[in-house]
Amino acid sequence: MTCCYGWRNINGVCQPICKRPCENGFCIGPDRCSCMEGYKGKDCSEDVNECGLPERPCSHSCMNTMGSYRCFCNNGHTLDTDGKSCIKKLDCISLRCQFGCQIDRNHEVGCVCPPGLQLAPDYRTCKDINECDDPSHTCTEHQSCKNTFGSYTCVCKGGFILGTLQDTITCRDIDECLTGNHRCSPKASCVNTEGSYICQCEKGYAGDGFRCQKKNNRRSLATMYLQYKHFKHIRPVYHFNSSVRMAVNRV
């Protein structure tokens, strides 16, 4: 591919040629430079004096630097977050604020608190916010919310332990039957459930699973009554001989 005059083929793409390199800019056409902010000139080698512009960038004092500038404020003022404006210094010392102060919308200075804290009734100190009272906390159904000063933490409920599940750190169920951390009777079987377990007595035993007693195989009342009626008709008959006294049961 052949490029037009003032352009050259670089890897199949026509690129402009600047005989003098653009020191602080980019070549955008034959001997044409696009300068970065703060520079000017044909090859972008000249500094722009922002402090000498009709619209000065700083509200108080301005100092020019190569390709940029710096703003300074008079006594009693401080530089705002934009790096240009000067605002009156906040007198937090006289307010005796616990953490800091700021200017509100009415241009009045007042004490402020970090996130998780709120102003106390004295408007100077900060007191804790109980995030656990707010249903918007991030603890899951398997976690309990524990308030801390300025924040909160989520702890696993009983029967759960912190671990990984599907590459996510969460509270997973503890298998008490597998770990042996249960109170089931030796004559009962342990069945794991989510967050807990249940005990079931083995066959032939009865109880709540924590205490299992062997079932009593006593005869039923009907059986005992029939046996009573049967033995009621038995009469003892005695036979004597010279040496032995015997009792023979006869119906």
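- Of the inter-residue distances, the one linking L119 atom CG with K127 atom NZ reads 9.5 Å to the nearest 0.5 angstrom.
- Looking at N9 and T2, their side chains never come closer than 4.5 Å, going by heavy atoms from C-beta outward.
- The nearest pair of heavy atoms linking R211 to C201 is O-SG, 4.2 Å.
- Of the possible donor and acceptor atoms, none in the side chain of T153 sits under 3.5 Å from a partner among the backbone N and O of K146.
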Worked check of disulfide bond (SG atoms under 2.5 Å apart) between C97 and C111
CA-CA 5 Å; C97 297; C111 298; 1.9 Å; yes
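- At least one donor-acceptor pair closer than 3.5 Å links the side chain of K157 to the backbone N or O of E141.
- For the pair C58 and Y69, the minimum side-chain heavy-atom distance is below 4.5 Å.
- Between L79 and C71, the closest side-chain pair of non-hydrogen atoms falls below 4.5 Å.
- Residues T193 and D173 share a closest heavy-atom pair of O-OD1, 3.4 Å.
- Side chains of T138 and Y152: a donor on one and an acceptor on the other come within 3.5 Å.
- No side-chain heavy atom of P30 sits under 4.5 Å from any side-chain heavy atom of C18.
- A donor-acceptor pair under 3.5 Å is formed between the side chain of D122 and the backbone N or O of T125.
- If you take CD1 on I17 and SG on C4, they are separated by 11.0 Å, rounding to the nearest 0.5 Å.
- Contact detail for D47 and T65: the closest heavy-atom pair is OD1-O, 3.3 Å.
- Residues R172 and F160 fail the side-chain proximity criterion, which asks for heavy atoms closer than 4.5 Å.
- Minimum heavy-atom separation, P57 to E50: CD-O, 3.3 Å.
- Side-chain atoms of F99 and R124, non-hydrogen and from C-beta on, never get closer than 4.5 Å to each other.
- Side chain of H60 to backbone of N74: a donor-acceptor contact under 3.5 angstrom is found.
- For residues 16-29, the side chain to side chain donor-acceptor pair (under 3.5 Å) pairs, not counting sequence neighbours, are R20-D43.
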When you look at N181 and T179, which way does the side chain to side chain donor-acceptor pair (under 3.5 Å) test go after all the steps?
CA-CA 5 Å; N181 188 23; T179 60; 5.2 Å; no
